[in-house]
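For the numbers below, each heavy atom of this structure counts, side chains included, while hydrogens, waters and symmetry mates do not. Here the structure is a predicted model, which means the values were calculated and not measured. Order of listing sets the numbers, starting from 1, for every ligand and every atom in it.
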Amino acid sequence: MDAHTAGPETLWDVAIVGAGPAGAAAALAALKARPDASVLLLDAAEFPRDKVCGDGVAPQALDVLGALGVDLDELVAGTAPITSLDLVSPSGVRASGAFARPARVIPRKLLDERLVRAALAAGAQLARCRVRSIVRRGDHVLVADSYRARVVIGADGAESVVRRTSGAAPAPAGTVAVAVRGYVAADPWPAGRQLLRMATADWPAYAWAFPVGDGTANVGYGQLLTGTPPSRAHLTQRLGELLPDAAGAQVRGHRLPLSTGRPDYGHDRVLLVGDAASLINPLTGEGIYYAVVSGSLAGVAALAADPVAQYRRSMRTALDKHLRQSDLVNKATRRSGFVDVATAAAGSDRRLFASLVEFGLADGRLGARDLVALLRACAASPAGVVRC
Ligand SMILES: Cc1cc2nc3c(=O)[nH]c(=O)nc-3n(C[C@H](O)[C@H](O)[C@H](O)COP(=O)(O)OP(=O)(O)OC[C@H]3O[C@@H](n4cnc5c(N)ncnc54)[C@H](O)[C@@H]3O)c2cc1C
């Protein structure tokens with residue numbers, strides 16, 4: 001089916017609102033499951049387009065995309081492997097370590113266009129359209145007054161219209177962050193290393209510098225939204241304070257809907273994925289892995305007899321335990337002293353460092369040994385610094 005010639009009577013198997021990583025993964029997964037399915041991607045933007053992001057892509061996200069048939073050499077072209085991470089805690093404790101497998105920093109202008117191209121090559125259709133309405137009508141859903149689909153996947157990001165119009169609850173107070181991002185010359189930061197520098201003021205908050213591998217670095221600063229939203233000038237000033245080499249960067253801002261551990265995956269023919277389902281890791285702000293996992297599971301579920309039930313089941317199996325544990329640990333980190341202690345412990349314990357990286361970037365869980373190591377570190381910390 002062709003998005004431009006299909007008439008209003010056309011009934012699409014799946015319409016996906018938003019062609020970011022979650023939407024593209026959903027299209028690829030649906031077409032992998034059923035190559036003759038009719039899959040329509042709708043996006044307000046014309047590709048290539050920028051998306052405000054740190055551009056950090058975990059190896060586990062690349063695994064998911066590779067399994068969907070994406071050519072990973074093409075996907076990462078022009079970027080260099082990121083092999084290690086430097087962490088600086090709120091009070092200045094440092095921990096550095098190698099990643100078990102390299103990550104990438106892929107500017108979203110490149111990443112998202114490459115994924116959309118892969119989805120089109122697999123047979124999806126793309127139409128440029130800002131969706132403002134979703135109306136359920138018996139056996140189908142009417143999207144933007146123009147497109148009829150058996151199932152709709154809301155992959156329209158942090159300000160999701162599909163989420164708002166589909167009956168899902170809004171994100172609870174205290175579960176949204178805001179961040180600014182820019183690109184500067186990479187010279188001040190060693191190639192192949194990601195830097196996270198946490199802040200004491202406005203905690204939880206941190207700045208990052210992620211070298212792309214093309215002579216530039218993605219730099220930014222984000223903090224949790226509590227009360228009156230901070231101005232862009234405030235966020236830019238905090239970036240310059242934490243990373244003086246990034247001062248003066250031209251930045252743009254965006255919101256991050258953080259996971260609460262109990263996501264709403266949608267209702268009645270409408271599935272929510274990625275940021276539209278608030279799936280960003282609350283500890284690190286990473287969302288691309290969760291976007292491609294949820295997108296790929298929703299793409300398959302969309303073709304099932306009961307899409308919402310199947311999607312909920314597969315997400316529970318894939319991510320439930322991780323999401324609940326990251327919510328609990330996130331609550332513990334509201335005390336910045338706990339993060340100082342955890343950073344120090346990770347700096348001297350390679351295994352704990354690796355567990356925390358997996359926990360912050362993908363679907364890792366902290367096991368008994370990790371929790372014992374953290375509790376011991378808390379118990380040994382100077383009185384009054386942290387009480388666990
Ligand atoms: C500053 C910042 C830094 C971040 N850093 C990282 C990082 O380093 N690593 C990481 O993994 N994650 C990071 N994240 C999170 C990551 O950006 C998101 O989790 C990820 O983009 C989610 O993908 P998505 O496909 O759900 O949504 P998006 O990537 O936001 O894609 C949504 C798409 O929907 C389209 N759209 C929106 N509304 C409509 C509409 N009404 N009609 C039609 N189309 C619409 C948009 O044009 C867009 O193409 C960061 C986020 C921010 C804000």
query: Can you tell me if Tyr183 and Asp55 form a side-chain donor-acceptor pair at under 3.5 Å?
result: yes

- prompt: salt bridge (Lys or Arg N to Asp or Glu O under 4.0 Å) between Asp349 and Arg369: does it pass, once the steps are laid out?
  reply: CA-CA 11 Å; Asp349 178 343; Arg369 282 176 73 189; over 6 Å; no

Pairs satisfying salt bridge (charged side-chain N to carboxylate O under 4.0 Å, His left out), at least one member in residues 158-167, at least two apart: Glu159-Arg255

List ligand 1's nitrogen or oxygen atoms that come under 3.5 Å of a protein nitrogen or oxygen, with the partner atom and distance.
{"from": "ligand 1", "atom 1": "5 (N)", "to": "Gly54", "atom 2": "N", "distance (Å)": "2.7"}
{"from": "ligand 1", "atom 1": "8 (O)", "to": "Asp55", "atom 2": "N", "distance (Å)": "3.4"}
{"from": "ligand 1", "atom 1": "8 (O)", "to": "Gly56", "atom 2": "N", "distance (Å)": "2.9"}
{"from": "ligand 1", "atom 1": "9 (N)", "to": "Gly56", "atom 2": "O", "distance (Å)": "2.8"}
{"from": "ligand 1", "atom 1": "9 (N)", "to": "Glu286", "atom 2": "OE1", "distance (Å)": "3.1"}
{"from": "ligand 1", "atom 1": "11 (O)", "to": "Gly56", "atom 2": "O", "distance (Å)": "3.3"}
{"from": "ligand 1", "atom 1": "11 (O)", "to": "Glu286", "atom 2": "OE1", "distance (Å)": "3.0"}
{"from": "ligand 1", "atom 1": "11 (O)", "to": "Gly287", "atom 2": "N", "distance (Å)": "3.1"}
{"from": "ligand 1", "atom 1": "11 (O)", "to": "Ile288", "atom 2": "N", "distance (Å)": "2.9"}
{"from": "ligand 1", "atom 1": "12 (N)", "to": "Gly287", "atom 2": "N", "distance (Å)": "2.9"}
{"from": "ligand 1", "atom 1": "14 (N)", "to": "Gly285", "atom 2": "O", "distance (Å)": "3.3"}
{"from": "ligand 1", "atom 1": "17 (O)", "to": "Lys51", "atom 2": "NZ", "distance (Å)": "3.2"}
{"from": "ligand 1", "atom 1": "17 (O)", "to": "Arg108", "atom 2": "NH1", "distance (Å)": "3.2"}
{"from": "ligand 1", "atom 1": "19 (O)", "to": "Asp275", "atom 2": "OD1", "distance (Å)": "2.7"}
{"from": "ligand 1", "atom 1": "21 (O)", "to": "Arg108", "atom 2": "NH1", "distance (Å)": "2.9"}
{"from": "ligand 1", "atom 1": "21 (O)", "to": "Arg108", "atom 2": "NH2", "distance (Å)": "3.1"}
{"from": "ligand 1", "atom 1": "25 (O)", "to": "Pro21", "atom 2": "N", "distance (Å)": "3.3"}
{"from": "ligand 1", "atom 1": "25 (O)", "to": "Ala22", "atom 2": "N", "distance (Å)": "3.0"}
{"from": "ligand 1", "atom 1": "26 (O)", "to": "Asp275", "atom 2": "N", "distance (Å)": "2.9"}
{"from": "ligand 1", "atom 1": "29 (O)", "to": "Arg108", "atom 2": "NH2", "distance (Å)": "2.7"}
{"from": "ligand 1", "atom 1": "41 (N)", "to": "Val131", "atom 2": "O", "distance (Å)": "2.9"}
{"from": "ligand 1", "atom 1": "42 (N)", "to": "Val131", "atom 2": "N", "distance (Å)": "2.9"}
{"from": "ligand 1", "atom 1": "44 (N)", "to": "Ala44", "atom 2": "N", "distance (Å)": "3.1"}
{"from": "ligand 1", "atom 1": "47 (O)", "to": "Asp43", "atom 2": "OD1", "distance (Å)": "2.7"}
{"from": "ligand 1", "atom 1": "49 (O)", "to": "Asp43", "atom 2": "OD1", "distance (Å)": "3.4"}
{"from": "ligand 1", "atom 1": "49 (O)", "to": "Asp43", "atom 2": "OD2", "distance (Å)": "2.6"}
{"from": "ligand 1", "atom 1": "49 (O)", "to": "Arg49", "atom 2": "NE", "distance (Å)": "3.1"}
{"from": "ligand 1", "atom 1": "49 (O)", "to": "Arg49", "atom 2": "NH2", "distance (Å)": "2.8"}

message: Suppose the criterion is salt bridge (charged side-chain N to carboxylate O under 4.0 Å, His left out): which pairs have a residue in residues 30-42, not counting sequence neighbours?
response: Asp13-Arg34, Arg34-Asp36

field: Counterpart residues, side-chain contact (heavy atoms from CB on, under 4.5 Å), relative to Arg232 (two or more places apart)
entry: Val180, Thr236, Val251

- prompt: Does the side chain of Asp156 pick up a donor-acceptor pair with the side chain of Ser160 at under 3.5 Å?
  reply: yes

